[in-house]
Amino acid sequence: MISVHTSPLDQPGTGDAGGLNVYVVETAKRLGRQGIEVEIFTRRTSAALADTVQLAPNVLVRHIDAGPYEGLAKDDLPGQLCAFAAGVMRHVAHSPEGYYDLVHSHYWLSGQVGWLAADRWDVPLVHTMHTMARVKNASLAQDDRPEPSGREIGEEQVVRVASLLVANTPREARELVELYDASPDLVEIVSPGVDLETFTPGDRAAARTAVCLPDDAQVVLFVGRIQPLKAPDVLLRAIAKLLERDPERRDDLVVAVLGGPSGTGLEKPRGLQQLARELGIADVVQFVPPASRSDLAQWYRAADLLAVPSYSESFGLVALEAEACGTPVVAADVGGLPDAVGAAGRLVSGHDPDDWATAIAALLDDPEQREALSGKAIEHVQRFGWDATSDRLLEVYRHACRSAVEELPERSMPSLVGVPAAPIP
């Protein structure tokens, strides 16, 4: 696997680490459990990082030097792709011929390196976009910068050369076809998953004690990177509307915002705190640094609802995580969120704070509805375990390897390490 711009070792919720990190870590671990040897190439961001880190059984993270360790923004990474690719090639030069069976690249930057690696090693390239420039640019937050044309060109190139493309949802599959002219025959849908061992229902009172929240509070939770794309400002404006309509809520309401600045949010790292003060709601808003997975589960259990007001989401893993803990979700009706939320939450069209205030109030004021949605949430997520995702990915890998052999009949059928290649039913 290749993940240039963010390491699977990084804490989700900070910098550029988010759902992509979780996806790479969880699928790699489960492939490793099945005997698949997985190597993840990522960029070294600290001199303290070892060349190789054992992430899990059969899963190695290899750090490649490409540009300065710190202070390099994601927008600057295209200029380091040559250095990164060279580092990958140098490593592989010491591996036996035919050692790698397949390349799976994540995000367009990785796709550019994966393109070269797969061509050099004569193996299939499977690519997952995770986010797409044309989709993001069609639904930008106010004052947010559009993705550059260079990214669109790079994405087009990866779509054109990939052996197979992995989409999170049917909607994303359509976007690949309609916006990037991908062949429908080369797009495979693989739903992301959720860790059903970590994110489980639990006692709400105990969870609130664990995260230092009052037992009798109404708790609205936001989890994600702090940037315009994720629209935490929409939530704060909605909360201001909520308190304007019903000032008595102020005594019991807690809005917890978990995450760190990212993307264009780094330009104003304290901008959201300033907005809370300007809106007069700083007394009900708690800003919490990104949490470990176990602590995050406690926050989900402690909340009455999770708000996901993003302008664009290829899927929305936080919605699944909250639902796995039995917490209803209020989410924007965009991207993959309808698939992630299912019937276990409420979707809001658009980003008008008044509409969001109405949707949030409707759930806060109806404990019976929250209880019903909680039951639906727990049932909904059972089909989204990471084991199902990795099993489906393995089918895609076998499909890609088989197709490569059919195109080159003189070659013998490659096998994924530890798992004999088999025809796709």
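Keep in mind that this is a model prediction, so the values were computed, not measured. Side chains are part of it too, since the values below use all heavy atoms of this structure and drop only hydrogens, waters and symmetry mates.
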Please output the side-chain donor-acceptor pairs of residues 338-347 that fall under 3.5 Å, not counting sequence neighbours, one pair per line with the distance.
{"unit_1": "Arg346", "atom_1": "NE", "unit_2": "Gln369", "atom_2": "OE1", "d": "3.1"}
{"unit_1": "Arg346", "atom_1": "NH2", "unit_2": "Gln369", "atom_2": "OE1", "d": "2.9"}

By the ring pair (Phe, Tyr, Trp, His ring centres under 6.0 Å) test, which pairs, at least two apart or in different chains, include something from residues 325-364? Tyr311-His351
If you count heavy atoms of other groups shown closer than 6.0 angstrom to CZ of Arg120, is the number above 12? no
With a 3.5 Å cut-off and no angle check, do the side chains of Asp391 and Gln34 form a donor-acceptor pair? yes
Is a donor from one side chain sitting under 3.5 angstrom from an acceptor on the other, for Gln298 and Arg301? yes
Distance-only check: which donor-acceptor pairs under 3.5 Å involve side-chain atoms of residues 109-118, not counting sequence neighbours?
{"unit_1": "Ser110", "atom_1": "OG", "unit_2": "Ile2", "atom_2": "O", "d": "3.3"}
{"unit_1": "Ser110", "atom_1": "OG", "unit_2": "Val4", "atom_2": "N", "d": "2.9"}
{"unit_1": "Ser110", "atom_1": "OG", "unit_2": "His106", "atom_2": "O", "d": "2.8"}
{"unit_1": "Gln112", "atom_1": "NE2", "unit_2": "Gly154", "atom_2": "O", "d": "3.1"}
{"unit_1": "Gln112", "atom_1": "NE2", "unit_2": "Gln157", "atom_2": "OE1", "d": "3.1"}

Tightest non-hydrogen contact, residues Val194 and Phe199, listed as CG2-CD1, 4.1 Å
Any non-hydrogen side-chain atom of Val285 less than 4.5 Å from a side-chain atom of Val257? yes
Using modelled atom types only, decide if a donor and an acceptor are shared between the side chain of Ser374 and the backbone of Arg370 within a distance under 3.5 Å. no
When the aromatic ring centroids of Phe41 and His91 are compared, is their separation below 6.0 Å? yes
Given 3.5 Å as the limit, does a donor-acceptor pair link the side chain of Ser163 with the main chain of Ala400, or not? no
Checking salt bridge (Lys or Arg N to Asp or Glu O under 4.0 Å) against Arg293, which of Glu26, Glu321, Glu197 comes through? Glu321
With side-chain hydrogen bond (donor to acceptor under 3.5 Å, both in side chains) as the test, pick out the partner of Thr131 among Glu172, Glu313, Arg151. Arg151
Asp355 and Thr358 side chains, donor-acceptor separation under 3.5 Å: no
Any pair counted as salt bridge (charged side-chain N to carboxylate O under 4.0 Å, His left out), so long as it reaches residues 202-212, sequence neighbours left out: Arg204-Asp304, Arg208-Asp304
Between Thr42 and His63, a side-chain donor and acceptor under 3.5 Å: no
With rounding to the nearest 0.5 angstrom, report the CD to CG distance, Glu147 to Leu140. 8.0 Å
Do Leu229 and Lys136 make a side-chain contact, defined as non-hydrogen atoms from C-beta onward lying under 4.5 Å apart? yes
Rounded to the nearest 0.5 Å, what's the gap from OG1 on Thr52 to CD1 on Ile40? Could you check? 12.0 Å
Under a 4.0 Å threshold between the charged nitrogen and the carboxylate oxygen, would Glu379 count as salt-bridged to Lys376? no
Would you please classify the geometry between the Trp121 ring and the Tyr100 ring as parallel, tilted or perpendicular, with 30° and 60° separating the classes? parallel
Find out whether Arg249 and Leu242 are in side-chain contact, i.e. whether some heavy atom of one side chain is under 4.5 Å from a heavy atom of the other. yes
Counting only heavy atoms from other residues, nucleotides and ligands, does the tally under 6.0 Å from CD of Glu278 exceed 12? yes
Enumerate the side-chain hydrogen bond (donor to acceptor under 3.5 Å, both in side chains) contacts for residues 231-243, please, sequence neighbours excluded, ordered by first and then second residue. none
Pairwise distance CG(Leu272) to CZ(Arg277) - rounded to 0.5 angstrom: 10.5 Å
Check step by step if side-chain contact (heavy atoms from CB on, under 4.5 Å) holds for Ile189 and Asn168. CA-CA 6 Å; Ile189 298 172; Asn168 290 328; over 6 Å; no
Pro232 versus Gln227, closest heavy-atom pair with distance: CD-O, 3.4 Å
Considering only residues two or more places apart or on different chains, which pairs with a residue in residues 216-251 satisfy ring pair (Phe, Tyr, Trp, His ring centres under 6.0 Å)? none
Looking only at non-hydrogen atoms, find the nearest pair between Leu317 and Gly19 and report the distance. CD1-O, 3.5 Å
Would you indicate whether the side-chain heavy atoms of Glu323 and Leu373 approach each other to under 4.5 Å? no
I need the Trp108 CH2 to His130 NE2 distance, nearest 0.5 Å. 15.0 Å
Residue Asp251 excluded, over 12 heavy atoms near CG under 6.0 Å: yes
Verify the distance criterion only: is there a donor paired with an acceptor across the side chains of His5 and Tyr107 at less than 3.5 Å? no
Exam field: side chain Asp252 to backbone Ala217, donor-acceptor pair closer than 3.5 Å: no
Any donor-acceptor N/O pair, Arg44 side chain to Leu49 backbone, under 3.5 Å: yes
Quick one: does Ile378's side chain get under 4.5 Å of Pro201's, heavy atoms only? yes
Using atom types as modelled and distance alone, determine if a side-chain donor or acceptor of Thr327 lies under 3.5 Å from a backbone N or O of Tyr300. yes
For Val187 and Ala173, which heavy atoms make the closest approach, and how far apart are they? CG1-CB, 3.7 Å
Taking the side chain as every heavy atom from C-beta outward, state whether Met129 and Val135 have any atom pair closer than 4.5 Å. no
If you apply the rule side-chain contact (heavy atoms from CB on, under 4.5 Å), what do you find for Phe287 with Ile226, and how did you get there? CA-CA 11 Å; Phe287 292 95; Ile226 308 304; 5.9 Å; no
Over all heavy atoms of both residues, which pair between Leu164 and Asp185 is shortest? Give the atoms and the distance, please. CD2-O, 4.5 Å
Taking atom CD of Glu368 as the centre, report whether more than 12 heavy atoms of other residues, nucleotides or ligands fall under 6.0 Å from it. no
Ring-face cation of Arg134 near Tyr180 (centre distance under 6.0 Å, axis angle within 45°): yes
Asn58 side chain to Gly32 main-chain N or O, any donor-acceptor pair under 3.5 Å? yes
Are Ile64 and Val88 close enough, and set up right, to give a side-chain contact (heavy atoms from CB on, under 4.5 Å), and what steps lead you there? CA-CA 7 Å; Ile64 302 298; Val88 172; 4.1 Å; yes
Do Ser312 and Ser139 have side chains that get closer than 4.5 Å, going by heavy atoms? yes
From CG (Asp51) to CG (Leu60), nearest 0.5 Å: 12.0 Å
Just checking, is any N or O donor in the side chain of Ser183 or Arg160 under 3.5 Å from an acceptor N or O on the other one? no
With a 4.5 Å cut-off on side-chain heavy atoms, are Gln286 and Leu213 touching? yes
Leu236 and Ile281: which non-hydrogen atoms are nearest, and at how many Å? O-CD1, 3.4 Å
